[in-house]
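Below: one structure, written as structure tokens.
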Amino acid sequence: MANVAIIGAQWGDEGKGKVVDWLASRADIVVRFQGGHNAGHTLVVGNQTYKLSLLPSGVVRGKLGIIGNGVVLDPDALLSEIARVQAQGLEVGPHNLRIAENTPLILPLHPALDKAREAARGGDKIGTTGRGIGPAYEDKVGRRSIRICDLAEPETLSRKLDELLLHHNSLLKGLGAEPFEKQALLDALLELAPKLLPFSEAVWERLDEARHENKRVLFEGAQAVMLDVDHGTYPYVTSSNTVAGNAAAGAGIGPHQIGTVLGIAKAYTTRVGSGPFPTELFDDVGKRLGERGREFGTVTGRPRRCGWFDACLVRQAVKVGGIQGLALTKLDVLDGLTELKICTGYRIDGEVVKRLPAAAGAQAKAEPIYETLEGWSESTQGARSWAQLPATAIKYVKRIEELVEAPVTLLSTSPERDDTILVSDPFAD
Ligand code: IMP
């Protein structure tokens with residue numbers, strides 16, 4: 001068995017779509033294990049561009065896609081995404097998409113609470129995607145969630161809605177937002193039931209069978225380690241564990257079946273939403289990275305904050321995320337810069353530290369310590385071998401490897417799937 005888990009090593013949007021698509025083409029099954037429709041992958045396949053949010057990338061490659069129980073699922077978002085890709089010519093049905101029966105649902109009251117909370121935070125917003133992700137995970141651990149399996153039991157659904165509304169309507173009223181009516185929610189869920197239930201099953205059993213049949217499984221992470229609810233820049237994080245270890249709990253497999261863990265990092269750094277970002281650039285270089293890298297959020301369209309590569313941060317992500325190899329993306333965005341900087345540590349209150357501390361106050365004070373490297377004037381766009389790269393670009397990549405303490409196993413030099421330098425095959429036994 002040769003499974004692979006792929007996770008972001010920065011704050012998300014590392015260009016996962018392309019790498020996941022390439023890996024998906026080599027896998028039999030692709031599994032999402034956390035997050036929801038806050039994620040966004042852009043897949044460029046030939047002349048088609050697919051924007052996926054909830055659907056595992058494998059469906060584009062004719063593979064079986066699984067949405068694991070670690071995901072929070074917005075039924076309307078899923079059905080619209082299915083309709084959108086179907087309009088682009090892709091077939092999606094229970095034959096190629098399965099959803100864990102114990103997956104918690106996102107209902108309209110979740111984004112309502114998400115937005116009301118953000119509004120109440122005033123200037124101290126988290127900068128969430130407003131999709132209801134946080135409130136849906138709160139309900140899961142609060143044991144109030146409506147899960148996809150509940151759609152088959154109208155009485156359970158009715159009882160659970162009472163409990164859910166007692167909680168949510170008190171909160172919404174307290175925040176000055178409109179409460180929800182039970183009957184409208186119940187009717188909507190009963191209408192959704194026949195559309196969703198055909199996808200629902202015990203996916204842990206299917207994954208167990210896949211293990212016995214030596215199938216290759218790709219666990220597709222969303223967001224990234226620095227947005228992990230435990231290990232990220234809390235509270236400016238998402239509400240799930242994004243580290244590879246969560247692939248086991250979020251899909252229903254044993255930890256030893258996760259396989260090789262591949263991390264994805266951009267050759268520089270970006271972040272959407274609020275929160276600390278020590279290497280953020282507010283000058284022309286930052287602007288240039290944003291423009292050349294087309295740094296706008298796939299889900300919300302928000303411009304991304306841009307900065308130098310933070311090796312200290314990625315090293316931390318490598319350690320806590322269990323990353324064994326790094327896929328480095330968007331190297332070509334750095335073309336034409338005469339000098340490049342890599343952050344190797346931080347100065348906090350005059351002290352040098354080699355990790356981002358957990359305390360929010362200390363994180364906000366972290367000043368980057370930079371190492372300067374020579375840039376390159378040549379184009380690296382579309383390079384498919386090391387020989388096609390300028391010596392200074394190779395030096396930059398090698399220095400990253402040393403500093404983050406993980407090998408670069410894959411290098412991506414354009415959005416095109418084939419513009420990739422593969423150093424080693426993560427699916428190899
Ligand atoms: P939430 O996941 O919508 O609750 O948002 C929490 C934080 O995670 C915000 O800073 C979002 O911008 C960020 N976030 C959530 N999903 C993504 C993603 O797919 N890429 C990048 N940032 C994300």
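Ligands are counted one by one from 1 in listed order, and the atoms in each one are counted from 1 as well.
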Is there a side-chain contact between [X] and [Y] (heavy atoms, below 4.5 Å)?
X: Arg147; Y: Glu101; result: no
X: Lys51; Y: His41; result: no
X: Val85; Y: Val60; result: no

*Counting heavy atoms only, which of Val229, Thr128, Leu227 is nearest atom 5 (O) of ligand 1?*
Thr128
*asked:* My understanding is that we take every heavy atom of each candidate and find the minimum distance to atom 9 (C) of ligand 1. Doing that for Gly8, Gly273, Gly127, which one comes out nearest?
replied: Gly127
_Nearest non-hydrogen protein atom, atom 21 (C) of ligand 1_ = Asp13 OD2, 3.1 Å
*Which residue and non-hydrogen atom of the protein lie closest to atom 3 (O) of ligand 1, and at what distance in Å?*
Thr129 OG1, 2.6 Å
Quick check on contacts: which atoms of ligand 1 are under 4.0 angstrom from a heavy atom of [X]?
X: Trp11; value: 21 (C), 22 (N)
X: Val272; value: 10 (O), 12 (O), 21 (C), 22 (N)
X: Ile126; value: 10 (O)

*When you look at Lys63 and Asp28, which way does the salt bridge (charged side-chain N to carboxylate O under 4.0 Å, His left out) test go after all the steps?*
CA-CA 6 Å; Lys63 307 300 168 81; Asp28 299 302; 5.7 Å; no
Geometry only, no angles: is [X] polar-contacting ligand 1 at N/O separations under 3.5 Å?
X: Gln223; value: yes
X: Asn38; value: yes
X: Thr238; value: yes

[X]: heavy atom below 4.0 Å from ligand 1, yes or no?
X: Ala39; result: yes
X: Arg302; result: yes
X: Ala222; result: no
X: Val237; result: yes
X: Arg131; result: no

*Among Asn241, Asp13, Asn38, which residue meets the side-chain hydrogen bond (donor to acceptor under 3.5 Å, both in side chains) test with Gln223?*
Asn38
*Please step through side chain to side chain contact (heavy atoms under 4.5 Å, CB included) for the pair Trp308 and Ile342, ending with a clear verdict.*
CA-CA 6 Å; Trp308 293 119; Ile342 299 181; over 6 Å; no
_OH (Tyr234) with more than 12 external heavy atoms under 6.0 Å_ = no
_With side chain to side chain contact (heavy atoms under 4.5 Å, CB included) as the test, pick out the partner of Phe309 among Gln10, Arg399, Lys341._
Gln10
_Here's a test for you: under side chain to side chain contact (heavy atoms under 4.5 Å, CB included), which of Leu78, Val30, Leu90 qualifies with Leu55?_
Leu78
*Using the ring pair (Phe, Tyr, Trp, His ring centres under 6.0 Å) rule, take Tyr236 and Trp11 through it: C-alpha gap first, then chi angles, then the decisive distance, then the call.*
CA-CA 10 Å; Tyr236 302 97; Trp11 280 293; over 10 Å; no
